[in-house]
2 protein chains.
Amino acid sequence: MKVGTAALTVDAAGMRAQNSSLLLNMIWRERQISRAEIARRTELSPSTVSAIVADLEHSGLVRSIGAGVSRGGRRPTLIGFRDDAFSIIGVEMGATHVTVVLTDLRGRVRTHRTAAQQVRNDPEGTLKTVRTLVQECLDAERVPRRSVVGLGVAAPSPVHPSAPGKLSPLILPAWRGYDVREALNTTFDLPVFVDNDANLGALAECYWGAGIGGEDLTYIKLATGIGSGHIIHGDVYRGAGGTAGEIGHIAVDSAGPPCLCGLRGCLVTLIGSGALVERARELMGTKGRKAPTVREIVEGARAGDPAARQIIDGLGQYLGVAVAGLLNLLNPAIVVLGGEISSVGDLLLDPLRASVRKRALSTSMAETRIVTSALGDKSIAVGAATLVLQAALRDRTLFPLQHVGKSA
Amino acid sequence: MKVGTAALTVDAAGMRAQNSSLLLNMIWRERQISRAEIARRTELSPSTVSAIVADLEHSGLVRSIGAGVSRGGRRPTLIGFRDDAFSIIGVEMGATHVTVVLTDLRGRVRTHRTAAQQVRNDPEGTLKTVRTLVQECLDAERVPRRSVVGLGVAAPSPVHPSAPGKLSPLILPAWRGYDVREALNTTFDLPVFVDNDANLGALAECYWGAGIGGEDLTYIKLATGIGSGHIIHGDVYRGAGGTAGEIGHIAVDSAGPPCLCGLRGCLVTLIGSGALVERARELMGTKGRKAPTVREIVEGARAGDPAARQIIDGLGQYLGVAVAGLLNLLNPAIVVLGGEISSVGDLLLDPLRASVRKRALSTSMAETRIVTSALGDKSIAVGAATLVLQAALRDRTLFPLQHVGKSA
DNA sequence: ACTGGTTTCTTCGCAGTGCGAACGAAGTTT
DNA sequence: AAACTTCGTTCGCACTGCGAAGAAACCAGT
C-alpha cells in the first residue's frame, strides 16, 4: 500500500487488472449479462472479454447461469455475479449499542447481532463486545474466515483520513490511544475499514437505498446527534480533517440554547432526540410520568396527535435552514433523511420542503430530491459492510484468492 | 467523446496514453527532472521512461535542458516542460466587463485585453466583444491559432454540467437560446470550456495561488455578488445541477432585508458590494456627494478610518456565519477569499476568523486555513485558461499535434 | 426438414507495451 | 589511474488486447 502521491502507473498486468475490475463491476451491476453484451458496452474485443470472464469464473466471483434470449442468432450465455461467493462483516458502534451484520456481496444481511454497550466511555468493553458478536455471526452461518472479504466499522466520531483507526479524541476522549482498525485486524486477520457512521449511512443509501445509480448524495442522520455524510462522485467525501458533514453544529438560531460543543443554537440542540423528547414532555407530557420516547412521537404523529405533529413540524422547519444551506453550497442530487424519526415520512418532508423552499435558491432545489430513508435500522452496519464491498469491487485482489482446485 | 457511463477500458495504446500523461504531469509539476528520477518515482522501468520521454520531446512538450548534479555517477540529463509550447486563451465575462488573457502553459499572462460590456442583457454585444478581444490577443503576440490549446470561459452564472455552453435562464434570462461554447467554437475552431466564475477562481487559486499543491479548497468571491467554488480532489465540483457554491444566498440573518432571489437575509444583501457601499454612504458619506466605492472603503480601512474598519468588521462577522457552516459541512483544507475587498487582508481575516471560531466546531477549524487571495484582478480569466490546461494535461491529445518536421 | 443468415463465443497469429539484463557513457572517489 | 556509481540506451521476452477466421447455436423462410 503506497501512501501519498500514488504514482498510478500501468503495465501489462495493471492493464488486465483495470479491465478485469471494469468487467467485474459491470457484471455486479447488471446481475446477469452476456459476454457479447459486455463486449458491445465496453468496446473490448470479444476475445478479450472471454479471457477475462474465464479468469473471473475461475476465481469464483462469477458463473454461467444459463442462456438468454436470442437476438436473431445463437443464444447468449448469461454470466452472473456470485453474490454468495464471499461474506462481509459490518459493525456499527452506536452511542449505546453495538450492531454486527454478516452480509453477502449484495448487501443482504445473512445474520446479525446486537448488544447494548456504552461505547463512549468503555473502549475495552466495546471492543470485546464487537469481537464476540463478530465471532457469533461467523459461527452462526458457519462462515470460514477465509471467505470473508473484510470488516467495516462505523464509528460515532469523525475519522481522520490519515489515521483511519483512531477516533477523535475530542468527541471520544476515552478512546485516546486506541486504534480500532489495528485492534480488530490483529484479532481476525482481516482487512478493516473504519469510517464515520453518517458517512456509511450515506454509502448505504447510495448503494441500496434512495441513491441507487446516482453518484452524488447527502445523507442526514437524525438521532441523538445530527450527522451527515456526502457521497461525491461515488465516493465518501471526508474533507481535509475527516469532519466533513458535521451538520449538527450548524448554528440555525443565534438565540438558541447553548450546546455541548460550546456554541449556541446548534441544530442538534434544537432537533436532536434529546430536544424532541424534551419538547414532547412539554406538549404531550401529562399523559404519563416517564419521559416520552422518539418512538412514541413517531406513533403519535402517525395517529394524528397534534402535539406530536407540532414537534415534527418544528423539526422540519429547523432542519430546513440547514438543508437550504446544504443545497446552496453543495447542490447534491438527493438528500436522504435517516434515523428513527424519519420514519414519519411525509409528515416530516412536507414542512421540511416548505422550509427549504423559503431559504434556498430555486435553481439549487430544482435538481435535488429530498426523501426519507427506506432502509431499516441496520443501515449503518450494512453501510460499513458496503465500504468493504466498494473497495473490493475496485481492487479484485481484496477478495481472498481461493486457489481453486476442483472444488465445485 | 462518450457521454454517460463511460467505459474506461484500456488497451495497449491506452496504457501508453495513461503512462504518458502521468509523466507529462510529473514533468510539468517538477519543472525539471531527470529520466532516472522519474523512473524512481513512478516505478516505471528506465527503458520505458526513456521511450515515453522521447515521445513527448518529439511532440514539442518537453525538452532537454542540460545536466543536473551528479549523485555519485554520471550526471543526469534534466528534462524540462516547455511552458511556451502552446498558448491558452482565458475569458472572463463579468457583470459589466469582459477580460481576455492569453497565457502560456504555466498560467503566465502574455497579453490581456479588457473592455466595458454589459453582459447581463446583451448577449450579442458580449459575444462580439469577446471575439474582438480574443483576436486582438492572438494578433498582439502573433500566435497562430494552431498553437492554441483551447479557450476557457468564465460565466457569471451557474453552468449545468450537461449543457456547458448554456447559461442559466434564471440568472441571465437574456441569454436564453445562446450557447457560448458553440458560438465561440464555430468562430475560432478551438475546444471551448465554460464554467462558473467562482469555480474558476477556485481553480486558479488551486493552481497558482494559496492552494498550490493541495486538492481540496473553497474559494469565495466577494464582489457585487457573493459566489464560491469548491475544488474537490483536484477537480471543480459542480453539484447535481451546476449550482454548487451559491454561498451568496445562504440566509445568515432571518430578520435581514429581502433579496432579489425572493428570500430574506441572504449573505449577498448584507455583504455584497452594494450593501457595503450603502453602509459606507451612511458612515463615511458626508465627505462627498457621490457614492463611495469599494476601492475607497479598502483605502479607508488601510488608512485607519474607523468607519471603513467598522464596515470590514461587519463583513467579517456576517461572512463568518456562512464560512462556519461551510467548514462544518465540507471541511475544506483552505478557504480563499477573493474579490477587491479581500485585499484588506488581515483587517478582514481577523474578524472573520473570530466569527468562525464562535460558530464552527474546533475540529472542523483545526485543519482549515483561511486566507486572502494573492492573485490579481485577472485571476478569474486565468482560471478559465487553467481549466483548459488541466484538461490537456490529463489528455495529451488536446494539445494540437504538430507533426514536427525539423523546425527547431 | 432444410437452407441461408445472424449471433455468440473461441482459437490463433500479430502488434504494441513495459520489463529486465546487458552494455556503453559519464562522473566520482580512492 | 583504477574501481565504483549512476545514467541512459538497446534488445529480446512476456503479457495484453486485437482482428480474422471458424465453429457452434439459433432464427426465419421455403
Side-chain angles (χ1 to χ4, degrees), chain A residues 7-24 26-27 30 32-59 62-80 396-397, chain B residues 7-24 26-27 30 32-59 62-80 396-397:
Chain A
L8 293 167
T9 162
V10 193
D11 60 358
M15 181 159 94
R16 183 51 160 265
Q18 219 165 306
N19 287 335
S20 178
S21 275
L22 194 79
L23 247 97
L24 187 62
M26 185 170 282
I27 298 172
E30 301 297 328
Q32 51 183 47
I33 187 170
S34 69
R35 293 174 176 81
E37 183 62 26
I38 293 176
R40 276 190 294 270
R41 292 201 202 172
T42 59
E43 293 180 347
L44 250 43
S45 74
S47 43
T48 303
V49 171
S50 279
I52 294 179
V53 167
D55 257 26
L56 293 174
E57 201 164 3
H58 183 262
S59 74
V62 308
R63 80 178 141 203
S64 297
I65 48 168
V69 294
S70 164
R71 303 194 334 154
R74 172 174 165 179
R75 293 162 63 194
T77 318
L78 293 180
I79 308 296
R396 216 184 99 195
T397 64
Chain B
L8 294 166
T9 163
V10 193
D11 60 357
M15 180 159 91
R16 183 50 160 267
Q18 220 166 305
N19 288 334
S20 177
S21 275
L22 194 80
L23 248 92
L24 187 62
M26 185 170 283
I27 298 171
E30 301 298 328
Q32 49 182 47
I33 187 170
S34 69
R35 292 173 175 83
E37 184 63 24
I38 293 175
R40 275 190 295 270
R41 293 201 201 173
T42 59
E43 293 181 347
L44 251 44
S45 73
S47 43
T48 304
V49 172
S50 278
I52 295 180
V53 167
D55 258 25
L56 293 174
E57 200 163 5
H58 184 261
S59 75
V62 308
R63 79 177 142 202
S64 296
I65 48 168
V69 294
S70 164
R71 304 195 331 152
R74 173 174 165 179
R75 291 162 65 192
T77 318
L78 294 180
I79 309 296
R396 214 184 101 194
T397 64

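A quick note: this is a predicted structure, and the numbers were derived from the prediction, not measured. Just so we're on the same page: letters track the sequence lines, and every chain starts at 1. Side-chain atoms are counted along with the backbone in the values below, which use heavy atoms only and exclude waters and symmetry mates.
As a whole-Å value, the separation of A/Leu22 CG from D/dT16 C1' is 16 Å. Rounded to a whole Å, the CZ atom of A/Arg16 is 18 Å from the P atom of D/dA14. To the nearest angstrom, C1' of C/dT17 lies 14 Å from CD of A/Gln18. Atom CD1 in A/Ile38 sits about 12 Å away from atom C1' in C/dC9, given to the nearest Å. The distance from atom CD of B/Glu37 to atom P of D/dT5 is 19 Å, rounded to the nearest whole Å. Atom CG of A/Asn19 is separated from atom P of D/dC15 by 17 Å (rounded to the nearest Å). Computed from coordinates, the B/Met15 CE to D/dA14 P distance equals 16 Å when rounded to whole Å. Here the P atom of nucleotide C/dC9 and the CG atom of A/Leu23 are 13 Å apart, to the nearest Å.
Within the nucleic acid shown, A/Val10 comes within 4.0 Å of sugar-phosphate atoms alone, with no base atom in reach, counting heavy atoms only.
Here the closest non-hydrogen pair linking A/Ser34 and A/Pro76 is CB-CB, 3.4 Å. Minimum heavy-atom separation, A/Leu56 to A/Ser59: O-OG, 2.9 Å. Annotation for B/Arg75 and B/Gly68: closest pair NE-O, 3.2 Å, computed over non-hydrogen atoms. Heavy-atom minimum distance, B/Thr77 versus B/Ser64: CG2-OG, 4.0 Å.
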Legend entry - Stepwise side chain to side chain contact (heavy atoms under 4.5 Å, CB included) check, B/Val10 with B/Gln18: CA-CA 9 Å; B/Val10 193; B/Gln18 220 166 305; 4.1 Å; yes
Inset, instruction - Please report the C-alpha distance between B/Arg41 and B/Glu30 in whole Å, then the side-chain angles of each, then the deciding distance to 0.1 Å, and finally whether the side chain to side chain contact (heavy atoms under 4.5 Å, CB included) criterion is met. - result: CA-CA 12 Å; B/Arg41 293 201 201 173; B/Glu30 301 298 328; 3.1 Å; yes
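Residue side chain B/Thr9 does not reach the base of D/dG17 through any donor-acceptor N/O pair under 3.5 Å, judged by distance alone. Evaluation of atom-type donor-acceptor distances gives no pair under 3.5 Å for the side chain of B/Thr77 against the base of D/dG8.
Toward the 5′ end of DNA chain C lies the nearest nucleotide of A/Ala36, the other residue of the pair B/Ala51 and A/Ala36 mapping further downstream. Each of B/Pro76 and A/Pro46 lies near DNA chain D, and the nucleotide nearest B/Pro76 is the one positioned closer to the 5' end.
For B/Thr48, no side-chain nitrogen or oxygen approaches OP1 or OP2 of C/dT17 to under 4.0 Å.
Of the candidate nucleotides D/dC7, D/dG17, C/dT7, C/dT7 has the atom lying nearest to any side-chain atom of A/Arg71. Side-chain proximity of B/Ile52 to D/dC18, D/dG8, C/dG18: nearest is C/dG18. Taking only side-chain atoms of A/Asp11, from C-beta outward, the nucleotide of D/dT16, C/dC19, C/dT17 with the closest atom is C/dC19.
For the 3.5 Å distance criterion, the side chains of A/Ser20 and A/Arg396 qualify, holding a donor opposite an acceptor.
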Under 3.5 Å, which N/O atoms of the protein pair with N/O atoms of nucleotides 24-26 of chain D?
| residue | atom | partner | partner atom | Å |
| --- | --- | --- | --- | --- |
| D/dA24 | N3 | A/Arg74 | NH1 | 3.4 |
| D/dA25 | N3 | A/Arg74 | N | 3.3 |

